[in-house]
Amino acid sequence: MTDPIFGRLDLSSFAFVRAFDNPTVSELIGAGAAMAVVLGGLAVLVILTWFRLWAPLLRVWLTSVDHKRIGIMYCVLALVMLTRGVIEGVLMRTQQAFGLHGGFLTPDHFSELFSTHGTIMIFFVAMPFIAGVINYVLPLQIGARDMAFPVMNQISLGLTATGAALVMLSLVVGEFSTGGWANYPPYTGADFQPGPGPDYWIWSIVLAGIGTTLSGINFAVTIYKGRAPGMSFLRMPIFCWTVICASIIMIFALPPLTVAALMLAADRYLDFHFFTNDLGGNMMNYVNLFWLFGHPEVYLLIIPCYGMFSEIVPTFSGKRIYGYMSMVYATMAIAVLSFCVWLHHFFTMGQSANVNAAFGIASMAIAIPTGVKIYNWVATIFRGRIRMTVPMIYVVGFFYLFTVGGLTGVMLANPVISYQVHNTLFLVAHFHNVIIPGVLFGLLAAYHYWFPKAFGFRLHEGWGRRAALLWIAGFSFTFLPLYWLGLQGMPRRSVTFSDPSFQPFMWLAFFGAALILSALTCICIQLWVSIRQRDRLAAPLGDPWNGRSLEWSIPSPPPAYNFAVIPQVTQRDEFTDAKATGRAYAEPEAYEDIEMPNNTAIGLIVCVCATALGLALVFWIWWLAALSFCAMVAALIGRTFHTETTHIIPAAEIAADHRAWLARVGVAGAVNRLDETHERNAGLAIPERPARAEPAE
């Protein structure tokens, strides 16, 4: 029997109590992590109260439907979760460095670490970071006022934050699943793991997955319906093409994951037998559903980052993107093929040779359009006027590391090779060799690239370079040795090992993990230094990098309505052409009133109610689950009765603000490419001659 008030929640659920009752090193580490979460939360509350920030936080941020503020909040969430994910990764590498015949973590604690690490890095770092960049940049690049569905955008953020909150709460109350980031049954069924761990995974993934599906719909409709006049599909920046392909993956790949997780919940809560070993259950149904999501998910993460690289490389090479049409075709080919390769994740599970061969060929084929992109980026750089700023350092690291990861992926597409190394550290090395250089480097490059657009000042270049170089070196030392260990037979997910020949490589990986932690520290220092020196780094005029697309044609940070007048697009690189031909910074003939959506608290309400619902379902507190669900439904229904959903910004106010910005542009000194990192750079670039701005493709 469970308690009618607290369900299965009791004192032993708290990490502090478990550490007090059993003060081992492993339990004390868990209690320390829980203490960090509690103290961090209390510190935020104290700071908000002491500096009287509650009102502006609620009024300006948490109730905003502005795509730019929502994008920034997504990125903040991702960076917070990245901190936890990196620390957990370093802890695992430390355990394995000392893991010869032992170590300091229990097997269950180690299993919980790699489960939370994978879940966090995929679902609550990469996906929110990508959603944040897309939210911020997409409407600006296509000349739109906002997302197609601003309120739904806010709800999507609330649901994503709910999933992240549940994962963080698992540090303090209860424990997380030990079934890996894929949460395979029947190991995660009620018979094997009756505790709250798998339930934390289920409800964090279900709620966040619904939010991501809604985001995919929002992004797709925004591109289909929100483009500025003259912006045909073949005039869109490559980043927008990657967003539409990623949106399609979100819409069609997330539902299988949501369905699989709900079916697993039915097994655990209602004694169904979808994935059990008896009464007709079949765990392979779960594996198929999960990887029907899981491999498109890999490309959902990396395709938008391809788009980010496709914006950064031309900008810092001083050329248009080479092979625009081939980049578009390659992006679409990758999106389609991503749904045709999921079975290579279980080559070892007994399919026929013909099935394995078909999926192996498809897995090799997807490398072709990826190779096309690499060649096009290299061709864009060739004979370009390259500036090795921080984003380009990440690009170079991406080139050589991602190519290695891609080649090992082609190796693993061979069922025979995959069978031999599938359960070894070789696979861990390959996966990280694709995700970290391909996704994380792309996101960090984008963070540095678009930061001045979001906040009106550039990030500190010196600390950014240190962070980028440490990320590249740290990754290389951490994961490249794992290829050798995997080929020598060391299994993945192993808390300890008995072969002394593995230890030198484990120490090398531990050294690399320390470099990665240093890189994360440098990012934090960079942000702190940049904020303190924001007057020296200010770039309010909007174009600090001599950008090529529409987001650089407006002030930094942009006004709530983005564009004083919706632009008329005539070229593929519209802003570059406008600067070259003298059309940039011209005052419009007339200004009009702009209608914008009002702020609303519905996303915040959904976030709070959904978090309470998830926690209640994890601990079987049925009255709280019913109450929070009903409150959330009531809030959503009540929102439909709200009629005053927009407000008007007068044309006179828009004209005054825009003319003031144009006046500042008129008296400012433009800088050339060599002075982009100098404090003289206020965000105004020297225009280029048309022949140099648009070289032949």
Side-chain angles (χ1 to χ4, degrees), residues 15 18-19 22-37 81-122 125 167-168 170-172 175-183 187 193 197 201 423-433 435-436 474-486 488-521:
R18 294 197 300 270
N22 182 27
T24 61
V25 173
S26 192
E27 290 290 354
L28 290 173
I29 290 173
M35 183 62 72
V37 172
M81 299 304 287
L82 175 65
T83 302
R84 178 180 169 185
V86 167
I87 291 172
E88 288 183 336
V90 171
L91 185 57
M92 284 189 287
R93 296 273 72 84
T94 305
Q95 159 62 30
Q96 291 194 321
F98 294 94
L100 183 63
H101 304 303
F104 54 89
L105 294 179
T106 63
D108 278 350
H109 193 173
F110 187 80
S111 298
E112 188 178 348
L113 279 173
F114 68 66
S115 301
T116 53
H117 173 77
T119 302
I120 286 170
M121 297 301 283
I122 295 295
V125 174
V167 176
M168 294 301 285
S170 70
L171 273 175
V172 182
E175 55 190 14
F176 202 75
S177 173
T178 58
W181 82 283
N183 215 46
Y187 176 67
Q193 284 195 67
W201 185 94
N423 201 39
T424 71
L425 286 177
F426 188 95
L427 193 71
V428 175
H430 158 71
F431 181 75
H432 288 83
N433 207 168
I435 293 298
I436 293 181
F475 168 84
S476 301
F477 279 108
T478 302
F479 293 103
L480 296 184
L482 302 190
Y483 282 119
W484 176 256
L485 287 170
Q488 293 303 303
M490 181 167 180
R492 56 178 173 157
R493 307 190 186 102
S494 178
V495 66
T496 185
F497 57 94
S498 57
D499 188 340
S501 66
F502 293 164
Q503 193 165 37
F505 296 95
M506 284 300 180
W507 277 99
L508 200 59
F510 171 66
F511 172 69
L515 294 181
I516 289 177
L517 188 60
S518 301
L520 182 64
T521 304

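- Sorted by first then second residue, the salt bridge (charged side-chain N to carboxylate O under 4.0 Å, His left out) pairs that include residues 501-513, not counting sequence neighbours, number zero.
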Which donor-acceptor pairs under 3.5 Å do the side chains of residues 511-521 make with protein atoms, sequence neighbours left out?
| unit_1 | atom_1 | unit_2 | atom_2 | d |
| --- | --- | --- | --- | --- |
| S518 | OG | A514 | O | 2.9 |
| T521 | OG1 | L517 | O | 2.9 |

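- Listed by chain and residue number, R84 satisfy the salt bridge (charged side-chain N to carboxylate O under 4.0 Å, His left out) test with E88 (two or more places apart in sequence, or in another chain).
- Expressed to the nearest 0.5 Å, how far CD1 of I435 lies from CZ of F479 amounts to 11.5 Å.
- Within the 3.5 Å criterion, the main-chain N or O of S111 finds no donor-acceptor partner in the side chain of T178.
- Residues V90 and I87 are not in side-chain contact: their nearest non-hydrogen atoms beyond the backbone lie 4.5 Å or more apart.
- With sequence neighbours left out, the ring-ring contact (aromatic ring centres under 6.0 Å, His included) criterion links F510 to W507.
- Remark: A33 engages L171 in a side-chain contact (heavy atoms from CB on, under 4.5 Å) (not counting sequence neighbours).
- The side-chain contact (heavy atoms from CB on, under 4.5 Å) search around F497 returns L100, M490, F502, Q503, M506, not counting sequence neighbours.
- Sorted by first and then second residue, the salt bridge (charged side-chain N to carboxylate O under 4.0 Å, His left out) pairs with a member in residues 489-509 form an empty list; sequence neighbours excluded.
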For side chain to side chain contact (heavy atoms under 4.5 Å, CB included), just list the numbers for L82 and V86, CA-CA rounded to whole Å, side-chain angles, deciding distance to a tenth of an Å, and then say yes or no.
CA-CA 6 Å; L82 175 65; V86 167; 3.8 Å; yes

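- When side chains are defined from C-beta on, E27 does not count as touching H109, because their heavy atoms never get closer than 4.5 Å.
- By the side-chain hydrogen bond (donor to acceptor under 3.5 Å, both in side chains) test, T478 is found to be paired with no residue, residues two or more places apart in sequence or in another chain being considered.
- Listed by chain and number, the residues in a side-chain hydrogen bond (donor to acceptor under 3.5 Å, both in side chains) with H432 amount to none (sequence neighbours excluded).
- For residues 92-117, the set of pairs meeting the salt bridge (charged side-chain N to carboxylate O under 4.0 Å, His left out) definition, not counting sequence neighbours, is empty.
- Evaluation of the ring-ring contact (aromatic ring centres under 6.0 Å, His included) rule for Y483 yields F426 as partners, not counting sequence neighbours.
- Under the side-chain hydrogen bond (donor to acceptor under 3.5 Å, both in side chains) criterion, T424 pairs with no residue, sequence neighbours left out.
- Annotation: side chain of L480 is in contact with side chain of N433 (closest heavy-atom distance under 4.5 Å).
- Within 6.0 Å of CZ in F104 there are more than 12 heavy atoms belonging to other residues, nucleotides or ligands.
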